[in-house]
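For reference, the structure is listed below as structure tokens.
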Amino acid sequence: MSIIVFGSINLDLVATAAHLPTSGETLLGKNFFQVPGGKGANQAVALARLGIPTQMVGRVGTKGFGAELLDNLQTAGVQTENIFRDETVSSGVAIIIVDDAGQNQIVVVPGANGEVNQADVERLLPLLPTAKALLLQLEIPLNAVVAAAQAGRNANITVILDPAPAQSSLPAELYPLVDIITPNEVEAGQLVGFKVDSQESATKAATVLLQRGVKSAIVKLGAKGVVCATAEETFFVPAFRVDVVDTVAAGDAFNGGLAAALYAGMSLHQAVIWGAAAGALAATKSGAQTSLPDKLTFDAFLKGRGVGSGE
């Protein structure tokens, strides 16, 4: 049995400079570095580092960093046989400039991610009978997300949707195909149309999402904790206290920890705790995939806080 991630694969190209350029201005930068990313790839790496057999389905370009992105996933332990090498476009990239104050300008070029379509869903289908769960995000075309969710529902496996990047609406037919939806407070607010910034408003948002057809709604409130609601119960999990360095990919780490616990046969409550722990650990390091914890670090973190690792 494995977990499948169907989604985006990116490379972040990051330059630092004293200030952000104005129109027509050429700046001398300070540093440059490349960081593998994409919410789909991040979640696949998060799972693989926790020791979960993980398969990634998506696209990269044959040029423009495709080989590097595949190598990175393989090094993390992700199975990449079902990632299509698209000869017509570049791999997805984000071009990022960060100034001394931490402000940034970002240009995202979806590249191969924007070409994910029914052909990729067809490559997903043979993997589903031996899968425990399917993880989805919104950095690929929505029609492909809906088709993949439908395929997961037909195969009777757990469909987990991270509705990010934030969108004001999703197709109505998508919600009933989702077992677990995991928005953060900004994403939840976009989906339900009111501000989500507290346990009370998160509970209200989760109720709205349940009414739209999802089986479980998990609303992440960052340092304020996590609200989870199902038809049977609503519960709150406090955040783990850590020294936060960078919250990039903390949400992806959460989904990895959540799915890893479900893979191990744990309850939804325990899975939310695992997700919160993985997200907290990711926030203690900078970068996206560079911040995702390995199993030894994760188990030690749980043990140190009196939480079972499921061993």
Side-chain angles (χ1 to χ4, degrees), residues 3 5-7 39-40 43 46-47 132-139 142 145-146 148-150 152-153 156-240 247 250-263 266-280:
I3 290 182
V5 181
F6 184 83
K39 295 195 70 64
Q43 292 179 19
L47 280 160
K132 188 93 170 183
L134 172 66
L135 273 62
L136 304 169
Q137 320 80 36
L138 301 180
E139 288 184 334
L142 263 177
V145 174
V146 174
Q150 182 66 66
R153 168 63 61 245
N156 198 32
I157 66 171
T158 300
V159 177
I160 302 173
L161 173 66
D162 183 358
Q167 298 197 16
S168 59
S169 64
L170 291 176
E173 66 268 27
L174 178 57
Y175 290 101
L177 303 175
V178 174
D179 292 286
I180 304 172
I181 193 168
T182 63
N184 64 22
E185 51 195 337
V186 173
E187 294 149 4
Q190 289 274 18
L191 291 175
V192 301
F194 55 80
K195 188 173 184 179
V196 177
D197 59 358
S198 65
Q199 185 176 340
E200 181 181 5
S201 58
T203 301
K204 182 180 176 183
T207 301
V208 171
L209 295 173
L210 291 178
Q211 291 169 347
R212 293 180 184 174
V214 303
K215 291 183 174 60
S216 303
I218 298 172
V219 180
K220 300 169 290 187
L221 296 167
K224 295 189 286 287
V226 185
V227 169
C228 180
T230 70
E232 293 77 29
E233 63 174 339
T234 298
F235 60 87
F236 174 76
V237 172
F240 289 92
T247 60
D252 297 325
F254 180 97
N255 274 36
L258 175 83
L262 296 175
Y263 181 90
M266 297 186 177
S267 68
L268 181 61
H269 190 279
Q270 185 70 16
V272 173
I273 293 172
W274 271 38

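The basis for the numbers below is simple: all heavy atoms, side chains too, and nothing from hydrogens, waters or symmetry mates.
- In this structure, I218 CD1 and C228 SG are separated by 4.5 Å, a value rounded to the nearest 0.5 Å.
- Across Q211, K215, R212, a single residue satisfies side-chain hydrogen bond (donor to acceptor under 3.5 Å, both in side chains) together with Y175, and that is R212.
- A pairwise comparison of heavy atoms in A188 and V219 identifies CB-CG1, 4.0 Å as the closest pair.
- Here S168 contributes atom OG and E187 contributes atom CD; the two are 13.0 Å apart, rounded to the nearest 0.5 Å.
- Contact check for L221 versus S198: no side-chain heavy atoms found under the 4.5 Å cut-off.
- Annotation for L170 and P163: closest pair CD1-CB, 4.4 Å, computed over non-hydrogen atoms.
- Contact of the V5 side chain with the Q137 side chain is registered, since non-hydrogen atoms from C-beta on lie closer than 4.5 Å.
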Review point. Between T158 and L134, is a side-chain contact (heavy atoms from CB on, under 4.5 Å) present by the stated rule, with each step listed?
Key: CA-CA 6 Å; T158 300; L134 172 66; over 6 Å; no
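- Counting heavy atoms from C-beta on, the side chains of F254 and V226 come closer than 4.5 Å.
- Rounding to the nearest 0.5 angstrom, the gap separating the CZ atom in F236 from the NE2 atom in H269 is 10.5 Å.
- Between the CZ atom in F235 and the OG1 atom in T230 there is a gap of 7.5 Å [rounded to 0.5 Å].
- Between A280 and F240, the shortest heavy-atom distance links the atoms CB-CB, 3.9 Å.
- Checking T182 against N255 by side-chain atom types alone, a donor-acceptor pair falls below 3.5 Å.
- Between I181 and L191 the shortest side-chain heavy-atom distance falls below 4.5 Å.
- Between the CD1 atom in I3 and the CG atom in L47 there is a gap of 5.0 Å [rounded to 0.5 Å].
- In this structure, the side chains of V145 and L138 come closer than 4.5 Å at one or more pairs of heavy atoms.
- Enclosure of atom CD in E233 by more than 12 non-hydrogen atoms of other residues, nucleotides or ligands within 6.0 angstrom is indicated.
- For L142 against P171, the heavy-atom pair with the smallest separation is CD1-CD, 4.0 Å.
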What verdict does the side-chain contact (heavy atoms from CB on, under 4.5 Å) test give for V186 and V196, after you've listed the backbone C-alpha separation in whole Å, the side-chain angles of each residue and the deciding distance to 0.1 Å? CA-CA 7 Å; V186 173; V196 177; over 6 Å; no
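- By the 6.0 Å contact criterion, NZ on K204 is open, its count of non-hydrogen atoms from other residues, nucleotides or ligands being 12 or less.
- Nearest heavy atoms, A229 versus A206: CB-CB, 3.7 Å.
- Between D162 and N184 there is no side-chain heavy-atom pair separated by less than 4.5 Å.
- Of the possible donor and acceptor atoms, one in the side chain of E139 sits under 3.5 Å from a partner among the backbone N and O of K39.
- Residues L177 and V214 have side chains not in contact (no heavy-atom distance under 4.5 Å, counting atoms from C-beta outward).
- To the nearest 0.5 Å, atom CG of residue L174 and atom CG of residue L161 are 5.5 Å apart.
- Salt bridge K224/E185: present, at least one basic N to carboxylate O contact under 4.0 Å.
- Using a 4.5 Å heavy-atom cutoff, the side chains of L262 and K132 are not in contact.
- One finds a salt bridge joining R153 and D179 here, because a Lys/Arg side-chain nitrogen approaches an Asp/Glu carboxylate oxygen to under 4.0 Å.
- For the residue pair A253 and A278, the shortest heavy atom distance occurs at O-CB, 3.2 Å.
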